[in-house]
Amino acid sequence: MVVRIIKNERVKGETIMNFWEKITGSDMTKEMKSFESRVKKLPADYQAAWGEINANLWPHSDFTGRNLIPILDGVLGLLEETAADGQSVQEVLGDDIKGFCSALASEEGAKTIRDKWREQLNKNIAKKLGK
Amino acid sequence: MLENLTEMLKGVLEGCVLEIISRKETYGYEITRSLNALGFTDVVEGTVYTILIRLEKNKLVEITKKPSDMGPPRKFFAINDAGREELRRFWDKWLFVSSKMNELKERQS
């Protein structure tokens, strides 16, 4: 079955790559690897903050975590810029890393799997109620 | 100066940032420093960053990447027509809120 799907996709050229990357998650592995090497170039306090940001963003992830990749990429850009300015990470992010992360996730519209379940539940109930 | 302004500033910081951008094309660090110099000393660049993302998402600013002397290229922000319109609305709202707040305070005494 899977083979047949891939065969059909192959005709479309580039789609096969995206499809392959999507089911294996290899696109994300690649992104995470490149993040890692960028993070290693940051000062120690920045690296610690990066870890904390990751931990705080995961609850906002969708099923695969793919939605977090652009958010993380942007934050890493911010950290690289501010580290180059010679600021400490404390100056840049303040004390409220958790608040920073939830602001980020909501700005970028990252919906967690729980949000989706909630939506679905609400929809189903509305349907049952004949709305 | 005053401490714990964060909660109260939340609603107006976006307008502040947009106003600063409207004067000249600028970037996160410079915006943060202008806000600090104005007296909002608790505002950090991380907060400004989340606001800039919101402005970008709502298409109120134009972004150009420019090389920097140190480190990676910087994102510069300039206001566009939609941004100017939003800024005008912001100041209208602010005028309304602040006049009502003053009214309330005066009436009480």
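It should be emphasised that the depicted structure is a prediction, and the values quoted were computed from it without experimental measurement. The sequence lines fix the lettering, A, B, ..., with proteins before strands; numbering per chain opens at 1.
Looking at A/Asn67, its side chain does come within 3.5 Å of a backbone N or O of A/Asp62 through a donor-acceptor pair. In this structure, the side chain of B/Asp42 does not engage the main chain of B/Leu5 through any donor-acceptor pair within 3.5 Å.
Of all residues spanning residues 38-51 of chain A, none has a heavy atom less than 4.5 Å away from chain B's heavy atoms. Contacts from residues 73-81 of chain A to chain B, taken as heavy-atom pairs separated by less than 4.5 Å, involve A/Gly74, A/Val75, A/Leu78, A/Glu80, A/Glu81 in sequence order. Listed by sequence position, A/Gln87, A/Glu91, A/Val92, A/Leu93, A/Gly94, A/Phe100 are the residues of residues 86-100 of chain A in contact with chain B, using a 4.5 angstrom heavy-atom cutoff.
Between A/Glu36 and A/Lys33, no side-chain nitrogen of the basic residue sits less than 4.0 Å from a carboxylate oxygen of the acidic one, so the salt-bridge criterion is not met. Between A/Glu119 and A/Lys123 there is no salt bridge, since no side-chain nitrogen of the basic residue lies less than 4.0 Å from a carboxylate oxygen of the acidic one.
Sequence neighbours left out, the pairs with a member in residues 13-26 of chain B that pass side-chain hydrogen bond (donor to acceptor under 3.5 Å, both in side chains) are B/Glu14-B/Arg54, B/Glu19-B/Arg23, B/Glu19-B/Trp91, B/Lys24-B/Glu30, B/Glu25-B/Thr64, B/Glu25-B/Lys66, B/Thr26-B/Glu30.
The two atoms that bring B/Thr32 and B/Val43 nearest to each other are CG2-O, 3.6 Å, heavy atoms only. The minimum heavy-atom distance between B/Tyr27 and B/Phe77, with the atom names listed, is CA-CD1, 4.4 Å. Residues B/Cys16 and B/Leu35 come closest through the heavy atom pair CB-CD2, 3.9 Å. The two residues B/Lys59 and B/Asn80 have their closest heavy-atom pair at O-ND2, 3.1 Å. Minimum interatomic distance between A/Cys101 and A/Asn56 (heavy atoms only, all atoms of both residues): SG-CB, 3.6 Å.
Considering B/Leu52, B/Val44, B/Thr50 as possible partners of B/Val48, the one that fulfils the side-chain contact (heavy atoms from CB on, under 4.5 Å) test is B/Leu52.
With contacts defined as side-chain heavy-atom distances shorter than 4.5 Å, the pair A/Leu68/A/Ile71 qualifies.
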Starting from the C-alpha separation in whole Å, work towards a yes-or-no answer on salt bridge (charged side-chain N to carboxylate O under 4.0 Å, His left out) for B/Asp81 and B/Arg84.
CA-CA 5 Å; B/Asp81 287 342; B/Arg84 264 182 287 270; 3.0 Å; yes
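The choice from B/Gly46, B/Ser68, B/Pro73 that makes the most heavy-atom pairs within less than 4.5 Å of chain A is B/Gly46.
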